Amino acid sequence: MNKGALRFMIKDYHGVVSTNKHFTILFCLLMVSNFLFAKNITVSFTPDTTRVLRNPLNGWVMYLGRTWNSNFWEEQGYDNMPAGSSSFRVSDFASTCYVRTSWSSMEPEEGKYFWRDKSSRLYKLFQSVRARKMRLAFRIVVDSRDQGQNTPLFVKEAGAKGFQDPNNSRLWSPYPDDPVFQQKYANFIRALAEEYNDPDVVDFIDAYGLGKWGEAHGVKYQDYHHKKAVFDWITDLYSQTFTRIPLIINYHRLVGDTISWADPHSESATLLEKAIDKGYSLRHDAFGMTGYYQQWEQDFAKKWNFRRPVIMEGGWITGGHHRYWIDPSGAYRQGYSVDVRRGEYQEARNAHVNMMDFRIGDETHSWFASAFDLVKSFVKEGGYRLYPSKVIVPDKAKKNQLLTLSSVWNNLGWGYCPTNIPQWNQKYKVAYALAKGQTICKVFVDGKSNLSEWLKGKPTKCSMTVMLPNLAPGEYQWLTALVDTTKGNTPGLEVAVPIERISKGWVKVSILKIR
């Protein structure tokens with residue numbers, strides 16, 4: 001028996017053993033005999049490599065537009081997506097729905113928010129997502145260039161300074177360094193956080209949203225010298241309000257700058273790392289667009305691999321106006337969207353991304369029609385996919401006996417489970433449980449387990465020593481799970497073992513006989 005186990009016993013019974021040296025020795029011998037009575041057995045598991053695991057910050061992200069009607073899912077083709085001789089529901093592969101929307105659609109009039117208006121299109125859209133047991137994700141865009149009126153006009157009427165779209169004089173955008181804009185926007189974000197700071201509902205928030213298309217570049221200021229101050233203001237605002245939701249920022253080479261295409265700005269890495277220090281994770285919107293997603297972006301992602309999760313969005317729109325066949329890689333043939341899908345997939349693998357995108361319309365269709373093998377491959381090998389290859393527990397024991405519980409965990413994915421981000425704060429842990437029928441009698445949580453360190457090809461052993469509680473004699477079911485410690489130690493993450501071995505999120509291991 002190890003010293004830690006002995007210290008555990010003596011600490012547990014310190015009121016008795018500290019008073020009599022001889023009794024201490026007899027007590028320890030008795031406990032050792034009990035310890036030896038427990039015979040450990042090893043239960044092995046073969047991983048499930050095909051089932052879609054609907055875990056947070058992991059897997060396929062399905063993009064939705066801002067429109068809505070009662071036949072939305074069918075009309076968009078999302079419920080009948082052809083792939084070979086079969087067809088599928090896109091929501092059966094994606095666990096998260098991403099909506100890139102406008103501030104004006106969320107707060108069309110000051111203080112009148114869409115979530116309080118059950119007749120609004122956005123409210124109905126979000127409700128339909130939740131009905132499919134999917135989480136939400138969104139980016140809120142305020143710059144109106146090349147789009148519609150993204151900032152509600154009550155901001156302009158309140159005196160905020162801004163500018164007209166040079167291509168459409170009817171569209172107005174605020175300067176992000178204007179104090180009236182900042183006040184109105186902060187009021188909105190605080191209200192939004194009161195409603196949506198819930199990880200059961202929202203998977204992540206694209207928490208910058210300034211510039212062209214909200215992509216963190218092409219930002220137009222009243223005074224360019226305010227660039228750093230604006231960056232600090234908006235990243236502080238999101239990080240102080242959305243405390244439970246992962247925050248995402250585009251790791252753009254010109255983050256927060258006035259231009260969109262040039263060599264990397266010398267301050268970009270510093271600004272991004274300031275956001276990361278506040279809890280931000282990473283995304284980029286130009287995967288597979290090799291003239292845009294270049295060495296700087298590749299190196300930045302590599303620097304933060306397995307320290308912050310990365311989310312990807314493909315850059316080329318193959319079903320629209322983009323001439324993807326002119327990509328500098330020379331790898332994309334005109335009329336072959338599958339080439340772009342494979343280019344995006346390869347770059348996603350290189351960056352160890354946790355999430356990939358099914359964008360609206362033809363982009364999603366091309367994934368299923370021409371690259372369905374990659375759709376299934378990402379389920380199998382992308383993001384994080386955790387399972388126990390071995391669980392080592394006793395098959396018999398006595399009440400109040402000291403037991404050792406161990407397991408070996410593996411990650412089949414090229415990404416990682418980001419329990420280290422501050423919004424999660426290591427809330428997911430390895431746990432074991434004893435059940436009688438459908439009743440959980442006792443849960444043992446391994447507080448030292450750190451899922452963010454589980455990387456592909458590196459099995460990790462977790463072990464803990466526990467005192468068996470005073471349970472009635474009989475047979476009990478050993479279970480294991482990755483529990484959410486913020487929810488009463490109930491299963492929090494799906495694990496990749498055959499579904500028949502799972503009951504209410506717990507993995508069935510073996511039988512324990514208590515005498």
Side-chain angles (χ1 to χ4, degrees), residues 1-2 4-13 30-48 386-410 419 426-451 454 460-515:
M1 182 170 56
N2 61 45
L6 182 60
R7 284 197 299 269
F8 180 91
M9 292 186 299
I10 292 175
K11 181 179 179 181
D12 199 54
Y13 289 87
L30 176 62
M31 293 302 291
V32 167
S33 67
N34 282 346
F35 188 83
L36 293 175
F37 174 78
K39 176 186 174 184
N40 279 0
I41 61 170
T42 299
V43 179
S44 298
F45 292 89
T46 301
D48 177 335
L386 311 176
Y387 84 100
S389 55
K390 295 179 182 178
V391 180
I392 305 161
V393 290
D395 65 348
K396 56 184 178 180
K398 298 177 181 179
K399 62 182 180 180
N400 298 322
Q401 184 175 350
L402 203 65
L403 307 176
T404 297
L405 311 178
S406 303
S407 51
V408 178
W409 289 83
N410 301 261
T419 56
Q426 297 292 350
K427 67 179 180 177
Y428 297 112
K429 296 290 182 182
V430 173
Y432 311 87
L434 286 170
K436 193 78 169 177
Q438 297 298 311
T439 302
I440 302 294
C441 302
K442 180 66 178 177
V443 176
F444 307 96
V445 178
D446 184 351
K448 294 182 179 180
S449 54
N450 185 348
L451 282 59
W454 299 356
T460 302
K461 184 174 183 179
C462 299
S463 186
M464 65 185 303
T465 302
V466 302
M467 186 72 73
L468 186 65
N470 188 16
L471 297 175
E475 290 191 353
Y476 293 81
Q477 174 78 59
W478 276 118
L479 307 167
T480 190
L482 301 176
V483 299
D484 186 337
T485 57
T486 67
K487 295 183 178 181
N489 299 326
T490 54
L493 298 176
E494 294 189 52
V495 296
V497 300
I499 193 68
E500 61 269 16
R501 300 294 298 269
I502 298 176
S503 175
K504 296 182 179 179
W506 290 97
V507 179
K508 294 179 284 188
V509 180
S510 62
I511 299 299
L512 172 69
K513 295 181 179 179
I514 299 178
R515 72 177 194 182

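Here the structure is a predicted model, which means the values were calculated and not measured. The basis for the numbers below is simple: all heavy atoms, side chains too, and nothing from hydrogens, waters or symmetry mates.
Note that the CG atom of L403 and the CG atom of L434 stand 8.5 Å from one another [nearest 0.5 Å]. Between F45 atom CZ and R501 atom CZ the span is 4.0 Å, to the nearest 0.5 Å. Taken from SG in C462 to OH in Y432, the straight-line distance is 6.0 Å, to the nearest 0.5 Å. Taking CD of E500 as the reference point, atom CG of D48 lies at 8.5 Å (rounded to 0.5 Å). Distance check, rounded to the nearest 0.5 Å: CG of L386 to CG of N410 gives 9.0 Å. Rounded to the nearest 0.5 angstrom, K442 NZ and L468 CG are separated by 9.5 Å.
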Full working for side chain to side chain contact (heavy atoms under 4.5 Å, CB included) between D395 and I511: CA-CA 6 Å; D395 65 348; I511 299 299; over 6 Å; no

For the pair L451 and W409, evaluate side chain to side chain contact (heavy atoms under 4.5 Å, CB included) and give the outcome as yes or no after the intermediate values. CA-CA 9 Å; L451 282 59; W409 289 83; over 6 Å; no

Report the C-alpha distance between T404 and T465 in whole Å, list the side-chain angles of each, state the deciding distance to 0.1 Å, and finish with yes or no for side chain to side chain contact (heavy atoms under 4.5 Å, CB included). CA-CA 5 Å; T404 297; T465 302; 4.0 Å; yes

Dump the intermediate steps for side chain to side chain contact (heavy atoms under 4.5 Å, CB included) on T460 and N450, then the final yes or no. CA-CA 10 Å; T460 302; N450 185 348; over 6 Å; no

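The shortest distance between side-chain heavy atoms of D446 and L405 does not fall below 4.5 Å. Annotation: side chain of T46 is not in contact with side chain of Y387 (no heavy-atom distance under 4.5 Å). Between V391 and V507 the shortest side-chain heavy-atom distance does not fall below 4.5 Å.
Counting non-hydrogen atoms of other residues, nucleotides and ligands closer than 6.0 Å to NZ of K436 gives a total above 12. For Q438, the CD atom is loosely surrounded, since the number of other residues' heavy atoms within 6.0 Å does not exceed 12.
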Kindly list each side-chain donor-acceptor pair under 3.5 angstrom involving residues 476-488, sequence neighbours excluded, with atom names and distances?
from : atom 1 : to   : atom 2 : distance (Å)
Y476 : OH     : A472 : N      : 3.4
Y476 : OH     : A472 : O      : 2.7
Q477 : NE2    : S510 : O      : 3.0
W478 : NE1    : P394 : O      : 2.8
T480 : OG1    : A431 : O      : 2.8
D484 : OD1    : T486 : N      : 2.9
D484 : OD1    : T486 : OG1    : 2.5
D484 : OD2    : T486 : OG1    : 3.4
T485 : OG1    : K427 : O      : 2.9
K487 : NZ     : D200 : OD1    : 2.3
K487 : NZ     : D200 : OD2    : 2.8

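Side-chain atoms of K429 come within 3.5 Å of backbone N or O of S449 as a donor-acceptor pair. Side-chain atoms of S407 never come within 3.5 Å of backbone atoms of P388 as a donor-acceptor pair (strictly under, hydrogens ignored).
Taking both residues in full, the closest heavy atoms of V443 and A433 are given as CG2-CB, 4.1 Å, listed atom of the first, atom of the second, then distance. Of all the heavy atoms in K390 and S44, the pair that sits closest is CG-OG, 4.1 Å.
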